[in-house]
Trainee: 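Shown below is the structure under consideration.
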2 protein chains.
Amino acid sequence: MERDKESKDFLLKGDQTYLSHISVDSVIFGFHEDQLKVLLLKWKGSGQWCLPGGFVMKDEHLDDSAIRILKERTNMESIYLKQFQVFGDPQRERKKNEFLNLQGLTKNSWIMQRFITVGYYALVEFSKVTPEPDVLSVECKWWDIHKIPKLIYDHNSILATALDSLRRSLNDYPVGYNLLPEKFTMPELQTLYETILDKAIDRRNFQKKMLALGILERLKERKTGGAHKAPFLYRFDKKKYEKAMKQGLKFGF
Amino acid sequence: MERDKESKDFLLKGDQTYLSHISVDSVIFGFHEDQLKVLLLKWKGSGQWCLPGGFVMKDEHLDDSAIRILKERTNMESIYLKQFQVFGDPQRERKKNEFLNLQGLTKNSWIMQRFITVGYYALVEFSKVTPEPDVLSVECKWWDIHKIPKLIYDHNSILATALDSLRRSLNDYPVGYNLLPEKFTMPELQTLYETILDKAIDRRNFQKKMLALGILERLKERKTGGAHKAPFLYRFDKKKYEKAMKQGLKFGF
DNA sequence: AAATAATGTGTTTTTGTTACACAATGTAGG
DNA sequence: CCTACATTGTGTAACAAAAACACATTATTT
């Protein structure tokens, strides 16, 4: 029950370590088997699912909190992270009663206060992630973006906003470097775009536009093993990709 | 000294009313004499300039805090407000010492704690605003966007981010309804766009594109009084404008 | 009354987007 | 082993949008 003591301490004494009233919630996107996935946690008590989240340490940069939380859940470094919105409805956690059966916890306890949460979304390479529950949860796993269950509080709404935000960003910034393995095929990249945009794109026009961005490098290898004609492998030119991320693109389907 | 008591109470006992560690800062844009303006406040103590800001009441929606703060500074209702970014660097207010000479205030006081601030920008009709200082400031006035002084903390950076955010939003949403008087000319609208984008736009192409959006109504009147040929007056079709705000546009120069 | 400076309008050129067709190739099944 | 199939690779024509550009009109100033 070492872990239980840890979570109890956290709930009772969190205000010694963390800022009050402020939390961070992350929508962690991955891409696997031609599907966009999101990493969710299952609560110890109620068994409900939620977004991975956490709190801001007293002297920690807000962005660093998001990075730390992500690292703890995915065991990964260097992930793409973007702050997309703050959720500040005083009623957003109105059914926060899952802790009240805990010894020593009252309505005035730190954790029972109102929290304003800062939403981040992350793009990670699915295969490199080993999902790991936090002290308050029993399970951590990927969910298909089309099959998300009812989540606690306003987390469904946060997730929807994150997806919308990611979608809009596709017109200004390239995507893929953080979601795909180092080497990938054009059809794979296209499926990623189609999945995020939830929209079919013409194969030839997609390739034309993508190559025109000048951030892709075609390798001499082809991807073998699959059925049918072997497609070429590509990889991102990191320098040019990052330049595109800084400057922004004009890119719209 | 009634006002001084008020500000002292605020600094010492703010934590009875407001959430700790969270503030709101607003970049209030106006448009006057073909220039984009920003409303700034001058501090009582140090005489430095800053963005209008405030705190979130314990049971208040974050957005409502921004609305309240704006109303207090501008005496205006129904302004366009947009949350654009959170600033969470623990060092962002590192030189917060303007209060320390206040009787009863210590380093542990509420106001001396670290604050994470949520940035909003507002678009308001210049002529309808009567700038009003808050309890902590002695002056409130418009500044030309190109002549902003050194502001406290990270407020210059917040302002720059707001402008950048507004600039980017021009590609997705129309602007003008909140910044211009009810009736305006095409050259005035164009100057607004040029000022925000800091870029010259072809007069004929601008008009073509604007009219194509279908959110403008040309009046029979012309604007008289100025030198040269009298331009037509236009006004926004409110319903169509709001529809465009909801749906978003494809609009880019 | 003429000069000036700004507005009103339309056409051409260029660029980008969309729609579409056929040849090439690796695997699976007979 | 050969054929059918599904998928990849490539190019072109039609269309739409953006950029470049010119001339007539009009209110004020000189």
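Values in this document were obtained by computation on a predicted structure and should not be read as measured data. In the text below, chain A, chain B and the rest are named by the order of the sequence lines, each starting its count at 1.
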Trainee: Parallel, tilted or perpendicular, judged at 30° and 60°: which one describes the rings of A/Y121 and A/F29?
Mentor: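 The rings of A/Y121 and A/F29 stand perpendicular, inter-plane angle above 60°.
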Trainee: Separation of B/Q190 atom CD from C/dA6 atom C1', in whole Å?
Mentor: 12 Å
Trainee: Has the side chain of B/R204 got a donor or acceptor atom sitting under 3.5 Å from an opposite partner on the base of D/dA22?
Mentor: yes
Trainee: Using whole Å, what does the distance between atom P of nucleotide D/dT28 and atom NZ of B/K223 come to?
Mentor: 13 Å
Trainee: Which whole-number value in Å describes the distance from B/F206 CZ to C/dG10 P?
Mentor: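 My rounded result for the distance is 18 Å.
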Trainee: When the nearest nucleotide of DNA chain C is assigned to A/N205 and to A/G225 on a heavy-atom basis, which residue is associated with the more 5' position?
Mentor: A/N205
Trainee: Are A/K147 and A/W143 in a cation-pi setup, meaning NZ or CZ lies under 6.0 angstrom from the ring centre and within 45 degrees of the ring axis?
Mentor: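 No, cation not above the ring by the 6.0 Å, 45° rule.
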Trainee: Ignoring the backbone of A/R218, work out which of C/dG8, D/dA27, D/dT10 is nearest its side chain.
Mentor: D/dT10
Trainee: For a quick check under 3.5 Å, do A/S137 and A/D134 share a side-chain donor-acceptor pair by atom type?
Mentor: yes
Trainee: Regarding D/dT26, can its base be found pairing with the side chain of B/K229 as donor and acceptor, where the two atoms are less than 3.5 Å apart?
Mentor: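 Side chain to base: no pair present.
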Trainee: Give the rounded distance in Å between these two atoms: CG of A/N171 and P of C/dT17.
Mentor: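 About 11 Å, once rounded to whole Å.
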Trainee: From NZ of A/K199 over to C1' of C/dT17, roughly how many Å is that when rounded to an integer?
Mentor: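 Distance, rounded to whole Å: 11 Å.
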Trainee: Among D/dT10, D/dA19, C/dC20, find the nucleotide with the atom closest to the side chain of B/K209.
Mentor: D/dA19
Trainee: A/L233 has an atom CG; how far is it from atom P of D/dT8, in whole Å?
Mentor: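 Atom CG in A/L233 sits about 13 Å away from atom P in D/dT8.
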Trainee: Quick check: any donor-acceptor pair below 3.5 Å linking the side-chain of B/D202 to the base of D/dA18?
Mentor: no
Trainee: State whether B/R222 places a side-chain N or O below 4.0 Å from either non-bridging phosphate oxygen (OP1 or OP2) of C/dA6.
Mentor: no
Trainee: Given the structure, check if the side chain of A/K208 and the base of D/dT12 hold any donor-acceptor pair shorter than 3.5 Å.
Mentor: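 By the distance-only test, yes, there is a pair.
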Trainee: Calculate the interatomic distance between A/H228 atom NE2 and D/dA4 atom C1'; express it in whole Å.
Mentor: 12 Å
Trainee: Is the backbone of A/G54 close enough, under 3.5 Å, to the side chain of A/S23 for a donor and an acceptor to pair up by distance?
Mentor: no
Trainee: Taking the side chain as every heavy atom from C-beta outward, state whether B/L163 and B/L36 have any pair of such atoms under 4.5 Å apart.
Mentor: yes
Trainee: Rounded to the Å, how far apart are A/L211 CG and D/dG9 C1'?
Mentor: 11 Å
Trainee: Given D/dT10, C/dT17, D/dT8, identify the nucleotide with an atom nearest to the side chain of A/P187.
Mentor: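 Closest of the options to the side chain of A/P187: D/dT8.
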